[in-house]
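Throughout, a chain's letter reflects where its sequence line sits, starting with A, and its residues are numbered from 1. In this text, all values refer to a predicted model and were calculated from it rather than measured experimentally.
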Protein chains: 2
Amino acid sequence: MHPIDAATALTQFEAGRFRGETHDAYWNVTGPFGGLTAATLLKAAMLHPKRQHLPLSATVNFCAPLTKGKFEIEVHEDRANRSTQFFSFRLIQDAATIITGSAVFAARPQTFEHQPHTMPEVKQPEAIEPMSRPTPLAWLSRYEFRFDRGAPKLRSRPDDPLGDARSNVWVRDRPERPLDFVSLMAMSDTFFARPFHVLGALVPFGTISISTYFHVDGDDLAAAGSDYLLGIAEAHILRKGFSNQVAELWSRGGKLLASSSQIVYFRDKK
Amino acid sequence: MHPIDAATALTQFEAGRFRGETHDAYWNVTGPFGGLTAATLLKAAMLHPKRQHLPLSATVNFCAPLTKGKFEIEVHEDRANRSTQFFSFRLIQDAATIITGSAVFAARPQTFEHQPHTMPEVKQPEAIEPMSRPTPLAWLSRYEFRFDRGAPKLRSRPDDPLGDARSNVWVRDRPERPLDFVSLMAMSDTFFARPFHVLGALVPFGTISISTYFHVDGDDLAAAGSDYLLGIAEAHILRKGFSNQVAELWSRGGKLLASSSQIVYFRDKK
């Protein structure tokens with residue numbers, strides 16, 4: 001079993017109610033990697049007995065730290081019509097709400113198709129060295145990162161130039177695994193926090209709210225397979241304790257598979 | 001009273017429960033302008049008796065059409081810590097869920113500040129003719145639109161070139177009104193649907209889910225006053241019935257006030 005499947009394993013003990021447990025394979029500093037948690041919530045919605053259609057969007061709000069151990073997820077179908085379904089969900093640990101959010105599922109009929117945005121020109125992943133893993137954080141070993149631009153770099157002196165707010169990075173599961181909605185959701189949060197990149201320091205930071213939009217159906221996922229995706233992540237602003245991040249995930253062939261936006265908490269003192 | 005204040009008027013009949021009513025001043029084709037509805041939900045969260053801090057982000061899911069008449073909004077505080085608060089909300093009409101969503105409020109301390117993204121160079125609003133209002137839709141009269149790029153244009157023949165997926169447009173309330181979080185939320189959804197721009201036809205379309213991120217506090221809003229904001233809206237992809245949109249709202253002085261992303265339903269046949 002791939003680590004992401006083990007780490008997002010859920011038991012439905014009642015319609016729309018799930019039990020899960022944090023997994024060490026995706027451990028971050030004080031809890032699981034947030035993208036893995038977001039993916040677990042999306043997976044719960046996908047497992048809801050009334051779910052039809054494919055994930056179209058998901059918003060996940062990180063209200064409080066998830067700690068090591070068991071948790072429950074409740075998924076509620078708020079509304080459905082013939083082609084679209086709306087769910088809300090929450091993750092509960094020790095009787096307290098830790099995560100909230102919502103997801104939309106939709107049928108994806110053939111329609112007019114147009115992609116005005118094009119993938120930036122970057123070096124192929126094979127021509128880039130993978131990022132070394134300087135820390136023992138488990139989740140960093142669950143992905144391969146090959147930075148074409150904006151690799152994280154510590155600033156050692158206050159007058160060192162600020163780090164690049166943008167990263168172009170090839171990413172894939174490690175070990176390799178065919179792409180699905182769960183792994184795509186997780187990957188949409190694999191970009192290291194922009195305040196860390198810009199400040200070049202391990203200041204306090206954390207995703208507060210992320211929204212990811214899926215532009216794929218099953219055929220598109222199958223076409224992406226287990227190849228690298230190109231991730232583009234950029235902060236537009238860091239201001240008054242928060243930074244935004246807009247991100248895109250592209251297939252190597254230049255199809256936009258997912259786009260995402262998030263707001264990140266940061267403080268500038270360690 | 002400004003129309004936006006009249007149209008978002010709410011009565012709190014119980015802690016976190018509000019009554020409101022649709023208003024003709026922001027009427028769109030079959031219901032109120034979605035941005036106004038999103039702003040009404042944000043306003044309800046702001047009026048929650050436990051609310052502290054300032055809006056940081058809001059996600060609004062348009063589950064079903066809101067129709068003319070009364071509605072209720074329920075706001076629930078999911079979690080709070082010293083500096084951040086998480087709310088979820090829903091709008092109910094005739095005992096059915098019409099809108100769901102969530103909002104985060106946060107304290108905005110002074111921290112390191114950096115805006116790597118810069119406002120594009122555009123003509124000043126005074127040098128651009130306001131968009132004429134070719135339709136009687138009331139909400140179009142509640143805003144002044146001055147397009148520097150990507151004004152909507154109907155395509156009359158199938159071989160006409162596709163419309164621009166990007167718009168740069170100066171926008172302000174009409175009549176003018178000092179900016180606040182409610183009007184900023186509404187403005188983040190004033191960009192006409194990208195499928196309409198690209199296809200140049202009044203095909204069926206509608207916002208499914210929007211997330212808006214606020215980069216301002218009270219001082220920033222006061223500085224923006226009732227001046228024009230520059231809106232940038234762009235679709236990256238139209239595919240299988242849905243289109244994304246990323247948007248930004250800038251002060252004339254070049255400060256990024258809000259950013260937003262949404263997913264839009266469309267069909268390519270009338």
Taking A:Y265 for its side chain and B:T84 for its backbone only, find out whether a donor-acceptor pair lies under 3.5 Å. no

Can you measure from CG (B:D219) to NZ (A:K240) and round to the nearest 0.5 angstrom? 5.5 Å

For A:P116 and B:A235 the tightest heavy-atom approach is CG-O, 3.2 Å

State, to 0.1 Å, how close A:F86 and B:F62 come at their nearest heavy-atom pair, and which atoms those are. CZ-O, 3.2 Å

Out of B:D164, B:N81, B:T118, B:I208, return the one with the most heavy atom pairs under 4.5 angstrom to chain A. B:I208

Max heavy-atom pairs within cutoff under 4.5 Å with chain A, candidates B:S88, B:S83, B:S102, B:S260, goes to B:S102

So which bits of residues 241-249 of chain B come within less than 4.5 Å of chain A, counting non-hydrogen atoms only? B:G241, B:F242, B:N244, B:E248

Determine which residues belonging to residues 105-115 of chain A lie within contact range of chain B, meaning some heavy atom pair is under 4.5 Å apart, and list them by number or answer 'none'. A:A106, A:A107, A:R108, A:P109, A:Q110, A:T111, A:F112, A:E113, A:H114, A:Q115

Examine whether an atom of A:T100 lies under 4.5 Å from a heavy atom of chain B, and if so say whether it belongs to the side chain, the backbone or both; otherwise answer neither. side chain

Using 0.5 Å steps for rounding, measure from the OG atom of A:S209 to the CG atom of B:L56. 8.0 Å

Quick one: side-chain hydrogen bond (donor to acceptor under 3.5 Å, both in side chains) partners of B:S211, sequence neighbours excluded? A:S211, B:T59

Drop me the distance from B:R239's CZ to A:D220's CG, to the nearest 0.5 angstrom. 4.0 Å

Residue pair A:Y213 / B:S261: nearest heavy atoms and the distance that separates them: OH-OG, 3.1 Å

Supply the atom-to-atom distance B:C63 SG to A:D78 CG, rounded to the nearest 0.5 angstrom. 6.0 Å

Taken to the nearest 0.5 Å, the spacing of B:I263 CD1 from A:S259 OG works out to 6.5 Å

Contact list (residues 90-98 of chain A to chain B, heavy-atom gap under 4.5 Å, by number) returns A:R90, A:A96, A:T97, A:I98

